[in-house]
Amino acid sequence: MTDLEVTVTEDCAGTGQCVLVAPTLFGLDEEGLSTVIAPVDTVERAEAARRAADLCPMGAIRIVG
Amino acid sequence: MPGTAVRTSIPDIERRLTDPSFWADPYPTYDVLRREAPVYWSETQGRWLVTAFDLAEQVLTRPADFSSVGFESRHIARLPQEVGAQAGRVAEHFATPQLVSSDPPDHTRIRRAFGSHFLPRKVASLGDLIRATAARLVNTADREQFDVVADLAEPLPVHVISDVVGIPHEFRNRIPPVTLDQREFFGSPDIVPDHAVRFTDSLEEWHGLLTGWMDERRVDPQDDVLTRAAQMVDEDRVTHDEAIATLLHLVIAGNGTTTALIGNALYHILRDPEQAKRIAEDRELIPNAIEETLRYETPLPSDRRIATRELSLGDAAIPEGDLVMAVLAAANRDPAHFPDPERFDITRRFQDRHHFAFGRGIHLCLGAPVARLEAAIAVEAVFDHFGDPGLVAGFEPDWHAITTHRGLRTLPVRASR
């Protein structure tokens with residue numbers, strides 16, 4: 001278990017980089033913008049979330065915890 | 001310090017890389033590099049060439065190790081003295097942080113300031129306008145002498161990026177020259193003082209024009225990037241110089257590469273009558289054909305970074321400060337990532353459109369959604385107009401011989417029947 005809370009901010013531009021690196025954690029909504037689709041409940045997902053945050057062109061992934 | 005790195009030498013490779021015939025088909029040379037030394041120091045080019053998919057991905061996704069800052073100043077410093085002496089204005093322009101030549105946090109700040117005009121919803125709303133422009137260009141061209149490049153692939157992106165940014169119609173014919181000036185300045189192997197003088201004059205002109213238009217938007221706001229730029233400056237989110245540099249970058253980046261993409265797509269589709277027929281019968285295949293073109297004939301063949309410290313990448317040790325090229329065109333044909341990479345297949349399945357034509361990570365092309373939409377509409381327009389388009393008998397491709405642009409000089413197309 002991890003206590004990380006991952007959110008996508010309004011800076012998201014739908015580049016899809018997070019979906020590529022963490023497909024189990026992020027998906028694109030009907031507007032083509034990123035959304036968190038699963039809880040960050042494993043160490044692997046926490047690592048993937050950090051990687052996605054690093055790769056986001058808009059710096060739109062916020063990780064708290 | 002140079003000389004401490006592990007450098008592999010490959011017989012004959014430097015000659016192949018610099019031979020004029022390289023441009024006719026660069027891919028066998030990329031294959032040799034990827035096989036023999038996927039991180040290769042090219043003595044004649046003064047840069048590392050990274051040709052394997054996984055290693056190119058490292059270069060693109062580690063901005064702290066592979067910086068986007070400093071390429072232009074370094075390029076200018078290495079020009080022959082008589083050229084560099086003419087390039088003061090160019091150096092100043094590129095010393096300003098802008099999308100392609102900045103690292104976080106500047107990059108994130110600038111990207112956020114301009115990103116709102118490239119959201120999926122915003123881009124989708126451009127479809128009707130792009131379709132109308134493409135139809136007008138195709139319908140007014142000479143049907144018997146139709147050249148995809150001159151009649152459609154060059155003018156369409158100029159109009160589209162001008163509509164997005166807000167460039168008035170009477171100035172749009174100034175866009176191709178400044179695009180060419182920049183391409184020659186950074187990509188031509190035999191640059192002369194005239195290039196530098198011309199590019200300096202172009203930059204001077206554009207700084208004046210863009211500044212004037214931003215001032216106009218302050219009193220008369222529009223739904224365009226110029227208005228957004230003026231707002232961002234007034235809210236102190238970007239500086240005036242950053243706004244100008246970014247606007248000009250959008251204008252230039254928004255047209256040359258898309259021109260190449262449209263020509264490359266139609267060339268490869270029409271070369272194979274079988275696949276052309278499938279598209280004539282089912283336009284839904286076009287978007288994936290564009291993805292395959294991006295992979296197979298990547299319009300921007302490589303992206304550049306500078307090593308921020310001594311690094312190891314694959315088997316190579318890269319000294320701090322060295323120029324490192326992620327050769328996107330080579331990575332996009334890496335057999336370890338793409339089955340049967342030498343085959344152009346409009347039905348190839350991509351996982352999440354995963355190829356490197358638009359880069360990867362934080363510098364992923366801002367205009368990618370516009371380029372994809374424009375290219376698909378352009379291909380559609382040619383099929384709509386000709387019904388059954390085909391290459392002219394005996395057509396031999398003539399490629400631009402430049403490291404920063406993979407595109408055809410002409411592409412004559414006729415109705416097959």
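Residue numbers start from 1 in every chain, and the chains themselves are labelled A, B, ... in the order their sequence lines are given, proteins ahead of strands. Values below: every heavy atom of this structure, side chains too, minus hydrogens, waters and symmetry copies.
Environment of CD in E235(B): crowded, with over 12 heavy atoms of neighbouring residues, nucleotides or ligands closer than 6.0 Å. Residue E5(A) places its CD atom among 12 or fewer non-hydrogen atoms of other residues, nucleotides or ligands, all under 6.0 Å distant. Atom CZ of R283(B) has more than 12 heavy atoms from other residues, nucleotides or ligands within 6.0 Å.
Smallest separation of non-hydrogen atoms from I362(B) and D54(A): CG2-O, 3.4 Å. For the residue pair G361(B) and P57(A), the shortest heavy atom distance occurs at O-CG, 3.4 Å. Closest heavy-atom contact between A13(A) and P120(B): O-CD, 3.4 Å.
Between T108(B) and M58(A), the closest side-chain pair of non-hydrogen atoms is not below 4.5 Å. Annotation: side chain of R111(B) is not in contact with side chain of D11(A) (no heavy-atom distance under 4.5 Å).
With respect to chain A, the highest number of heavy-atom pairs below 4.5 Å among R62(B), R121(B), K122(B) belongs to R121(B).
Between the side chain of R112(B) and the main chain of G59(A), a donor-acceptor pair closer than 3.5 Å is present.
Legend: residues meeting salt bridge (charged side-chain N to carboxylate O under 4.0 Å, His left out) with E44(A), ordered by chain and number and at least two apart, are absent.
With a 4.5 angstrom heavy-atom cutoff, C18(A) does not touch chain B via any of its atoms.
Interatomic distance, CD of E57(B) versus CG of L20(A), reported as 7.5 Å (0.5 Å rounding).
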